[in-house]
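Per chain, numbering begins at 1; letters A, B, ... match sequence-line order.
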Amino acid sequence: MTKYRTHTCNELNIKNEGEKVSLSGWVNKKRDHGNLLFIDLRDNYGITQCVIDKKNDLFKKIEKIPLETVIQFEGQVVKRDKNTINKELNTGEIEIKIINFKILGTTKELPLPVFSDQEYSEEIRLKYRFLDLRRSKIHKNINLRSKVISFIRKEMEKYGFLEYQTPILTSSSPEGARDFLVPSRLNPGKFYALPQAPQQFKQLIMVSGFDKYFQIAPCFRDEDARADRSPGEFYQLDIEMSFVDQNDIFNVVEKLLNNLFKKFSNKKILNEKFPKISFSDSMLKYGTDKPDLRNPLEICDLTKIFERDDVKFEIFNKLVKKGSIVRAIVTKKTNSKPRSFFDNIDKWAKNEGSSGLAYFTFEKENNKVLGKGPIGKLFSTEACEEIMKISKAEIGDSIFLACANKKEVEKLLSVARDKIAKDLEIIDQNLFAFCWIIDYPMYENDEKTGKIKFSHNPFSMPQGDLNNLNLDEPLSIKAYQYDIVCNGIELSSGAIRNHIPELMYKLFSVAGYNKKSVDEKFSGMINALSYGAPPHGGIAPGIDRLVMLLANEKNIREVTMFPMNQNAQDLMMNAPSNVDENQLKELSINIVKKK
RNA sequence: GGGGGUGUAGCUCAGUUGGUUAGAGCGAUCGCCUGUCACGCGAUAGGUCGCGGGUUCGAGUCCCGUCACUCCCGCCA
């Protein structure tokens with residue numbers, strides 16, 4: 001109880017009948033019958049209906065109060081008639097008979113209505129975020145986010161982790177995303193960088209002898225936004241552990257996510273023991289390293305089929321001869337689908353910038369397997385049977401074929417998998433399907449330069465006999481590097497780190513860094529690892545994306561309190577903004593004006 | 001950096017083949033209404049059709065440019 005209220009707007013019920021109470025909140029909605037006025041009063045917790053009739057002298061004044069005014073009502077809890085009970089409200093069995101009121105905060109005319117299910121443009125929502133956040137759906141999302149973070153902290157502490165904080169002003173790192181830079185006044189011409197992640201610090205924490213680290217860590221990357229990627233800043237559940245292999249980390253994360261998702265969602269978890277899929281398998285079966293396992297469709301490789309003489313699909317045959325590959329998606333029991341179903345998918349594929357998806361359906365006539373559809377007759381019975389064997393297709397199933405270089409085929413079929421599943425409505429929306437993607441390659445070919453580069457984190461531990469790595473074939477080396485994926489969304493990646501300096505020099509030299517440049521660029525890390533570093537590893541699931549999944553939202557701004565727009569501007573606070581000439585002078589900075 | 005979508009009243013949107021004074025719902029203002037909970041009824045106000053240029057007798061509508069928002073590609077070790 002405070003001077004403003006005896007109860008919140010969500011707690012009064014039939015047991016309080018007759019009590020004199022005081023409530024404070026916003027005028028959510030008025031229903032004015034001329035001689036009788038209902039006001040829905042709203043606060044963070046809920047809504048309570050307040051009522052006044054014309055006999056009361058205050059009626060005329062209260063009638064005029066605009067929506068979203070902040071007001072305090074004194075009144076009496078009255079039981080509602082049976083037929084006027086509102087089952088939608090927790091307080092729906094009672095109402096407050098207004099005795100007195102006090103206006104605590106007035107409002108101008110609203111730029112956007114608060115009480116409405118309408119959708120509004122992002123621009124207006126972000127500019128008036130404080131109004132937008134009053135609306136029930138996003139208000140709930142933000143409170144969910146708070147509860148999720150609190151739950152994670154408690155769980156992690158239960159598992160024996162301690163939260164350690166790391167610097168926000170740190171040094172610019174040579175690899176990875178663009179840094180946000182902060183000029184140093186005391187060191188003219190030099191810059192701090194905001195951390196892209198506390199990657200090096202958490203390793204240093206392990207080297208410092210702390211054993212189990214976590215942090216709800218802010219991360220800053222100056223890269224372009226997406227629906228599921230805030231520009232500028234986001235949060236990770238950063239985790240690092242000493243004396244572990246990757247299964248120890250999997251166990252912690254699986255336990256945490258199972259508990260978290262069970263607590264905050266009614267959806268089922270497909271496999272509580274998350275399946276482990278190797279990177280190469282994932283690229284073959286799903287065309288991507290973030291597969292949506294709710295989708296039962298799988299991709300198979302049929303390149304060999306097009307080397308046969310009894311397959312007369314000239315375009316593909318020729319392309320295969322030139323080195324292209326053919327992969328396919330089988331859809332079950334689609335022989336009765338109308339022609340438009342197939343043509344739409346082909347048309348869609350062409351829209352995606354590919355040469356389209358060829359298709360046909362397996363049928364049986366006179367006990368002989370036949371291909372039906374535009375290109376069906378180009379395949380002999382034997383070829384059809386071979387395809388069915390490889391793709392596990394049955395009579396009545398259809399097959400969609402893509403032919404191009406490996407990367408293009410993977411990319412097209414990965415999105416085609418989503419598209420076809422959506423059209424067939426075979427994705428169970430009431431499911432969370434987690435998986436681990438493991439065995440990432442240590443290196444890859446840089447397409448632009450043709451040189452070998454690290455495919456992920458250069459600090460990852462390579463797999464195999466460390467004294468006998470095949471450095472002549474770097475592309476064959478796999479790393480203890482892993483991702484966790486849920487419903488096709490990449491939640492995070494992690495790795496067992498390389499804590500052996502000599503090995504690190506070797507691995508860096510493959511990617512074209514000599515000892516001197518490694519010492520220069522990663523001096524802090526290398527130096528620390530040289531004084532007794534424990535084996536260690538970790539992971540860092542994205543908090544924003546976890547909350548998105550739990551809130552069933554597709555856009556990260558729906559779970560972020562004060563997000564920036566796509567151009568990394570805060571329309572409410574007007575950031576970024578010009579600064580005073582004097583501020584620049586102190587920082588020894590000149591602005592170069594673009595023409 | 002590139003591609004798509006959108007831009008009309010405070011908010012959400014309609015606007016036909018280019019043709020009279022640009023409409024609706026919500027909100028605002030005023031009036032009526034004692035059991036609503038998306039209360040109801042009536043009236044009034046509210047417009048640089050994102051901005052600039054062009055075609056045309058005539059442009060919200062067609063063309064060119066530009067800006068803003070958004071989605072995607074690139075990018076995000």
Side-chain angles (χ1 to χ4, degrees), chain A residues 28-42 47-56 59 63-64 66-68 78 80-89 91-92 95 97 107-128 131-132 135 173-179 196-197 199-200 219-234 351-353 411 415 440 442-444 446-448 453-460 479 481 490 492-495 508 511 521-522 540 542 554-555 557 564-567 569 571:
Chain A
N28 192 57
K29 194 72 190 165
K30 289 189 297 185
R31 288 174 295 280
D32 190 351
H33 293 240
N35 292 310
L36 181 72
L37 171 67
F38 298 99
I39 289 184
D40 288 340
L41 193 69
R42 182 195 74 239
I47 285 176
T48 302
Q49 174 168 283
C50 305
V51 62
I52 186 166
D53 76 22
K54 205 166 192 176
K55 291 172 206 148
N56 192 316
F59 185 90
E63 198 182 24
K64 299 286 174 210
L67 299 183
E68 294 307 307
V78 181
R80 293 203 206 180
D81 274 356
K82 238 184 202 161
N83 48 353
T84 63
I85 286 173
N86 184 347
K87 284 179 183 153
E88 306 279 302
L89 297 181
T91 59
E95 63 195 6
K97 197 175 167 192
T107 175
K108 297 197 276 188
E109 192 181 333
L110 299 169
L112 67 93
V114 171
F115 177 73
S116 165
D117 289 331
Q118 266 176 29
E119 306 242 356
Y120 306 102
S121 74
E122 292 282 337
E123 200 172 358
I124 203 100
R125 289 184 63 192
L126 294 183
K127 185 165 180 193
Y128 297 96
L131 291 179
D132 190 38
R135 300 171 65 217
S173 58
E175 303 234 327
R178 285 187 203 93
D179 284 317
Q196 294 176 25
Q199 179 62 41
Q200 297 200 39
C219 304
F220 305 90
R221 293 177 192 175
D222 188 5
E223 295 294 347
D224 289 352
R226 287 287 183 278
D228 63 350
R229 204 165 84 202
S230 292
E233 55 189 78
F234 62 98
N351 244 329
E352 289 286 302
K411 196 167 182 183
V415 271
Y440 275 82
M442 189 85 206
Y443 300 100
E444 64 189 14
D446 190 324
E447 277 182 25
K448 287 175 203 154
K453 65 169 190 179
F454 288 107
S455 65
H456 272 74
N457 187 334
F459 299 122
S460 297
Q481 164 93 39
E490 182 192 326
S492 90
S493 52
F508 266 101
K521 287 179 170 163
F522 306 101
K554 291 207 162 57
N555 192 302
R557 290 184 294 272
M564 295 196 282
N565 70 9
Q566 199 164 46
N567 295 325
Q569 298 159 341
L571 297 175

Problem - Strand RNA chain B in bracket notation, Watson-Crick/G-U under 3.5 Å with | for pairs to another chain - result: (((((((..((((.....[...)))).(((((.......))))).....(((((..]....))))))))))))....
Practice task
Starting from the C-alpha separation in whole Å, work towards a yes-or-no answer on side chain to side chain contact (heavy atoms under 4.5 Å, CB included) for R80(A) and Q49(A).
Solution key: CA-CA 10 Å; R80(A) 293 203 206 180; Q49(A) 174 168 283; 3.4 Å; yes
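Stacking between H33(A) and rC39(B) is present: the aromatic ring centre lies within less than 5.5 angstrom of the base six-membered ring centre, and the two planes differ by under 30 degrees.
A donor N or O paired with an acceptor N or O is found under 3.5 Å between the base of rG74(B) and the side-chain atoms of D224(A). Residue Q49(A) places a side-chain atom within donor-acceptor reach of the base of rU36(B), judged by atom type and a 3.5 Å distance cut-off alone. Checked by distance alone, R125(A) brings no side-chain donor or acceptor within 3.5 Å of a matching partner on the base of rC69(B). You won't find any donor-acceptor pair under 3.5 Å spanning the side chain of R221(A) and the base of rC76(B), going by distance alone. One can find a donor-acceptor pair under 3.5 Å joining the base of rC37(B) and the side-chain atoms of R80(A).
Annotation: rC69(B) and rG27(B) have their P atoms spaced 30 Å apart (nearest Å). Only the C1' atoms considered, rG2(B) is 32 Å distant from rU12(B), to the nearest whole Å. Taking atom C1' on both rC62(B) and rG23(B), the two are 23 Å apart, rounded to the nearest angstrom. Between the C1' atoms of rG53(B) and rA45(B), the separation comes to 34 Å (whole Å).
Contact check, N555(A) against rC71(B): a side-chain N or O comes under 4.0 Å of OP1 or OP2. Contact check, N567(A) against rA68(B): no side-chain N or O comes under 4.0 Å of OP1 or OP2. Contact between the side-chain N/O atoms of K97(A) and the OP1/OP2 oxygens of rG35(B) is not found at any separation under 4.0 Å. A sub-4.0 Å separation between OP1 or OP2 of rU36(B) and a side-chain N or O of R31(A) is absent. OP1 or OP2 of rC71(B) sits under 4.0 Å from a side-chain N or O of R557(A).
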Every protein N/O lying under 3.5 Å from an N/O of nucleotides 7-10 of chain B:
from	atom 1	to	atom 2	distance (Å)
rG10(B)	O2'	P111(A)	O	3.0

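Picking from rC76(B), rC33(B), rA77(B) the nucleotide with the shortest atom distance to the side chain of N457(A) gives rA77(B). The listed nucleotides are rG31(B), rC37(B), rU36(B); the one nearest the side chain of N86(A) is rC37(B).
To the nearest angstrom, P of rC33(B) lies 10 Å from CZ of F59(A).
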